[in-house]
Amino acid sequence: MSLNKLAWEMWEKRGYKEIDPSVLSRVINGERILNLNQLKVFASILKIPARQYRQLENEIFLEIASRYSIDPSFFEKDERLIVELLEHNVSKINELMLASVTLVAYEWSDELYVRIKNQMGKTRSLKNRKKLLELLAELIFRQSNLASQFQNQKDFLTSTLKHSRQLKSIGSQLKNKDLLGLADFRLGSAYYIDKKHEIALSLFKLGATKTSKLEYISLPLRESTLCLAYLGKEKEYDSLSKKILLDLPRYDANLQFQFLEGICRSEASLNRTKAAYDMLQKAKKVYENDDVQLKTKEVQLACAEMEIVQSSKSKVNKGHIQYIGSKAMAIAKESGYERYISKINGQLNDLLN
């Protein structure tokens, strides 16, 4: 079978996404790593025996560990799993995310989910069970953040609803108000994605009565500004965005970027073009000065800029839009950001046609 034929068959089996001859060529040349789902399709097409498949899977884990300076114990496949090892593994999800290998991180989080559930069935210690439930909640929270980067809107809505139910169940078992608040926030995000902004706002407000944990409340704050802008509630939006901007120095660079990008899009929605561009420039500056430069942020910046142009109804610089849109699309396809691929396509069609 030729490389081209193999690549296109893999592309078809992966739902017409993620792989093409150029990507497969880079894998063969050692410039890129297959993710686990791609490996499964690859092995299925070539009818690779189970033993050889496990060897390939192990090689992928070790290659990831080598490339991204992750402790190889993260990829151990034996059954000697204890609470401490699981805790270590869950913390490593962020390292993969920061290395911009989102799909690998998400797939490994699925593996960890199964292992934690299995370990819960074996443990007789109430202390260990409580710790495992806390780890499961932390893992679900990270899964939800990962899914926002690469899942399309329909899949992300489905997974967000599931994550909300899971967090609510764990929060109830542990009598943990922070987790119950997080469950409300995740449910609010699902309604935000579904463009039911009033319901989303009510859930964000409900969650805020249960938790003020910074890591949990930051995304709902950002989405609240967008909901208020989309609903045309300018007075409430102005009050919230002003507070966020005053508090900006207390957040890390990633959250500063996310808030500025969200406020940029909110200002664009309210037809405040100059303010939107000001926020865009501030978001770019934060991104450029950040030691950790996630590829998804370049895509977010391009989408936000195109959103401003769409809202302003001003003359379109088609050459510039084509440049930033094409660059963002290449990154989105390379990194598997399905959610952004459809968004960029829509924006380019609207602005260039």
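Worth knowing before you read on, the calculation uses all heavy atoms, side chains too, and leaves out hydrogens, waters and symmetry mates.
- Put simply, the side chain of Leu231 reaches to within 4.5 Å of the side chain of Leu201, judged on heavy atoms.
- In this structure, the side chain of Ser144 does not engage the main chain of Phe141 through any donor-acceptor pair within 3.5 Å.
- Here the closest heavy-atom approach between residue Gly262 and residue Leu226 is recorded as O-CD2, 3.5 Å.
- Here the closest non-hydrogen pair linking Leu255 and Ser218 is CD2-OG, 3.4 Å.
- In this structure, Ile170 is not a member of the same hydrophobic cluster as Leu180, with clusters built from ILVMFWY side-chain heavy atoms closer than 4.5 Å.
- Between the side chain of Ser239 and the main chain of Lys235, no donor-acceptor pair closer than 3.5 Å is present.
- Here Lys295 contributes atom NZ and Gln300 contributes atom CD; the two are 15.0 Å apart, rounded to the nearest 0.5 Å.
- With contacts defined as side-chain heavy-atom distances shorter than 4.5 Å, the pair Gln256/Glu261 does not qualify.
- Within the 4.5 Å cutoff, no side-chain heavy atoms of Thr211 are placed close to those of Leu182.
- In this structure, Ser169 and Gln173 have side chains that are in contact, with non-hydrogen atoms separated by less than 4.5 Å.
- Using modelled atom types, no side-chain atom of Asp290 and backbone atom of Val286 make a donor-acceptor pair closer than 3.5 Å.
- With contacts defined as side-chain heavy-atom distances shorter than 4.5 Å, the pair Leu245/Lys242 does not qualify.
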Would Arg222 and Ile263 count as a side chain to side chain contact (heavy atoms under 4.5 Å, CB included) if you check the C-alpha gap in whole Å, the side-chain angles of each, and the deciding distance to 0.1 Å?
-> CA-CA 8 Å; Arg222 174 181 178 275; Ile263 292 174; over 6 Å; no
Begin with the C-alpha distance, continue with both residues' side-chain angles, and end with the deciding distance and a verdict on ring pair (Phe, Tyr, Trp, His ring centres under 6.0 Å) for Phe185 and Tyr216.
-> CA-CA 8 Å; Phe185 290 154; Tyr216 293 168; 7.8 Å; no
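- Using modelled atom types and a 3.5 Å distance limit, the side chains of Tyr287 and Glu298 yield a donor-acceptor pair.
- A salt bridge does not link Arg265 to Glu305: none of the charged nitrogens lies less than 4.0 Å from a carboxylate oxygen.
- Residues Ser189 and Phe204 share a closest heavy-atom pair of N-CE2, 3.6 Å.
- Distance alone, capped at 3.5 Å, is enough to place a donor-acceptor pair between the Thr209 side chain and the Leu206 backbone.
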Is there a side chain to side chain contact (heavy atoms under 4.5 Å, CB included) between Cys264 and Leu260 once you walk through the steps?
-> CA-CA 6 Å; Cys264 162; Leu260 290 167; over 6 Å; no
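- Between Leu240 and Ser224, the closest side-chain pair of non-hydrogen atoms falls below 4.5 Å.
- To the nearest 0.5 Å, atoms OH (Tyr191) and CG (Leu157) are separated by 9.5 Å.
- Under the 4.0 Å criterion applied to side-chain N and carboxylate O atoms, Arg272 and Glu234 are assigned as salt-bridge partners.
- Checked by atom type and distance alone, the side chain of Ser44 never pairs as donor or acceptor with a backbone atom of Lys40 at under 3.5 Å.
- Using a 4.0 Å cut-off between a side-chain N of Lys or Arg and a carboxylate O of Asp or Glu, Lys274 and Glu267 do not qualify as a salt bridge.
- Here the rule is side chain to side chain contact (heavy atoms under 4.5 Å, CB included) with Arg186, and of Leu219, Leu161, Leu203, Ile140 only Leu219 fits it.
- Here the CG-CG distance, from Leu136 to Leu179, works out to 10.0 Å after rounding to the nearest 0.5 Å.
- Taking a 6.0 Å sphere around CG of Leu126, one finds it holds 12 or fewer heavy atoms contributed by other residues, nucleotides or ligands.
- Residues Ala332 and Ile344 come closest through the heavy atom pair CB-CD1, 4.3 Å.
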Assess whether side chain to side chain contact (heavy atoms under 4.5 Å, CB included) is satisfied between Arg165 and Lys168, documenting all intermediate values.
-> CA-CA 5 Å; Arg165 288 193 298 270; Lys168 185 175 181 179; 5.8 Å; no
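- When side chains are defined from C-beta on, Met329 counts as touching Ile341, because their heavy atoms get closer than 4.5 Å.
- By the 4.0 Å N-to-carboxylate-O rule, Lys282 lies too far from Asp278 to be salt-bridged with it.
- Taking a cutoff of 4.0 Å between a charged side-chain nitrogen and a carboxylate oxygen, Lys130 and Glu134 qualify as a salt bridge.
- Taking all atoms of both residues into account, the shortest heavy-atom contact from Thr225 to Tyr237 is O-CD1, 3.5 Å.
- Smallest separation of non-hydrogen atoms from Ile244 and Leu221: CD1-O, 4.0 Å.
- With hydrogens and angles disregarded, a donor-acceptor distance shorter than 3.5 Å links the side chain of Ser159 to the backbone of Phe156.
- No donor-acceptor pair closer than 3.5 Å links the side chain of Asp194 to the backbone N or O of Ala190.
- The line from NZ of Lys284 to CG of Asn289 is 14.0 Å long, rounded to the nearest 0.5 Å.
- Remark: the backbone N or O of Gly346 is not paired with any side-chain donor or acceptor of Asp350 at under 3.5 angstrom.
- Here Asn349 contributes atom CG and Leu352 contributes atom CG; the two are 8.0 Å apart, rounded to the nearest 0.5 Å.
- With rounding to the nearest 0.5 angstrom, the CD atom of Gln52 is 14.0 Å from the NZ atom of Lys47.
- Cation-pi check for Lys297 over Phe257 is met; the charged atom lies under 6.0 angstrom from the ring centroid and within 45 degrees of its normal.
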Lys343 vs Arg339, side chain to side chain contact (heavy atoms under 4.5 Å, CB included): CA-CA, chis, key distance, verdict = CA-CA 7 Å; Lys343 182 174 183 176; Arg339 186 179 171 199; over 6 Å; no
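- Not one N or O on the side chain of Ser326 forms a donor-acceptor pair closer than 3.5 Å with the backbone of Tyr323.
- Between Asp184 and Lys210, at least one side-chain nitrogen of the basic residue sits less than 4.0 Å from a carboxylate oxygen of the acidic one, meeting the salt-bridge criterion.
- A donor atom on one side chain and an acceptor atom on the other are not found under 3.5 Å apart for Gln347 and Tyr340.
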